[in-house]
Student: 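Here it is, the structure in full.
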Amino acid sequence: QKRSIYLRNKRSAPVSILQLFDQPDIETNCTRRNQSTVPLQALSLLNSDLVVKAAEAFADRVLLESPQDPIGYAFLAVTGRRADAEQLQGLAEFILRQSDIYLRDEQNEQDEQNKATEQELKQASRLALVDLCHVLLSSNEFAYID
């Protein structure tokens with residue numbers, strides 16, 4: 001069974017991303033929904049402006065509500081369960097790699113090869129957390145209820 005959200009759906013302006021996720025035909029009565037899993041679903045979640053904005057807002061919420069353990073909090077909020085040690089380690093490594101990428105990009109834009117400032121470190125960490133939230137919101141465990 002898929003998770004769903006409640007929203008107003010106008011017949012004259014259907015929400016296009018929901019069509020990829022087997023949105024029922026809104027012009028006729030629908031007694032049973034089709035279910036499918038296709039690559040376009042994953043690709044649309046990874047490239048959707050809606051999901052990017054949701055990931056940014058979610059990352060800001062995570063930093064506000066749990067600055068001491070953002071990874072554990074984000075995982076719990078998305079999946080409804082605590083991450084095991086192996087998952088936490090993988091997610092922490094992801095954050096470190098993404099932060100390094102953002103810091104390298106920032107330093108490449110600067111003429112001087114100075115050490116990153118505290119503000120740059122904080123911004124790189126936030127952007128890495130946004131990426132992590134994006135991955136979590138695009139995960140099967142978030143999309144499907146077992």
Student: Kindly say whether Lys122 contributes a backbone atom to a donor-acceptor pair with the side chain of Ser125 at under 3.5 angstrom?
Tutor: no
Student: Find the distance between CD (Glu93) and CD1 (Ile71) and round it off to the nearest 0.5 Å.
Tutor: 10.0 Å
Student: Taking atom CZ as the centre, does Arg81 end up with more than 12 heavy-atom neighbours from other residues, nucleotides or ligands that are less than 6.0 angstrom away?
Tutor: yes
Student: For Pro67 and Leu64, work out which heavy atoms get closest and say how close.
Tutor: CD-O, 3.9 Å
Student: For the side chain of Ser99 and the backbone of Ile95, is there at least one donor-acceptor N/O pair under 3.5 Å apart?
Tutor: yes
Student: Using a 3.5 Å distance criterion without hydrogens, assess whether the side chain of Gln87 forms a donor-acceptor pair with backbone atoms of Asp84.
Tutor: yes
Student: Kindly give the heavy-atom pair with the smallest separation between Leu137 and Phe142, and that separation in Å.
Tutor: O-CD2, 3.2 Å
Student: The test is side chain to side chain contact (heavy atoms under 4.5 Å, CB included); show your working for Val78 and Glu141 and say whether it passes.
Tutor: CA-CA 8 Å; Val78 167; Glu141 195 165 352; over 6 Å; no
Student: As a quick check of understanding, evaluate side chain to side chain contact (heavy atoms under 4.5 Å, CB included) for Arg104 and Ile101, giving each step before the final call.
Tutor: CA-CA 5 Å; Arg104 256 185 285 143; Ile101 290 169; 3.7 Å; yes
Student: Say you draw a straight line from CG of Asp60 to CG of Leu129; how long is it, rounded to the nearest 0.5 Å?
Tutor: 8.5 Å
Student: Holding to side chain to side chain donor-acceptor pair (under 3.5 Å), I want the full list of residues that pass it with Glu86, two or more places apart in sequence or in another chain.
Tutor: none
Student: Which heavy atom of Cys133 sits nearest a heavy atom of Ala55, and at what distance?
Tutor: CB-O, 3.8 Å
Student: What heavy-atom pair brings Asp131 and Gln98 nearest, and what distance separates the two atoms?
Tutor: OD2-NE2, 2.6 Å
Student: Write down the atom of Tyr73, the atom of Arg61, and the distance for their closest heavy-atom approach.
Tutor: OH-NH2, 3.3 Å
Student: I'd like to know if the side chain of Glu65 and the backbone of Val62 have a donor-acceptor N/O pair within less than 3.5 Å.
Tutor: no
Student: Should Phe58 and Leu91 be regarded as members of a common hydrophobic cluster, given that ILVMFWY residues are connected when their side-chain heavy atoms come within less than 4.5 Å of each other, either directly or indirectly?
Tutor: yes
Student: Set out, in order, the CA-CA distance, both residues' side-chain angles and the distance that settles side-chain hydrogen bond (donor to acceptor under 3.5 Å, both in side chains) for Gln123 and Gln119, then state yes or no.
Tutor: CA-CA 6 Å; Gln123 179 64 9; Gln119 183 179 2; over 6 Å; no
Student: Please report the closest heavy-atom contact between Tyr102 and Ala128, naming both atoms and the distance.
Tutor: CE1-N, 3.8 Å
Student: Are Leu132 and Val130 connected in a single hydrophobic cluster, I mean Ile/Leu/Val/Met/Phe/Trp/Tyr linked by side-chain heavy atoms less than 4.5 Å apart?
Tutor: no
Student: With the 4.5 Å side-chain cut-off for hydrophobic clustering, are Leu88 and Leu63 part of the same group?
Tutor: yes
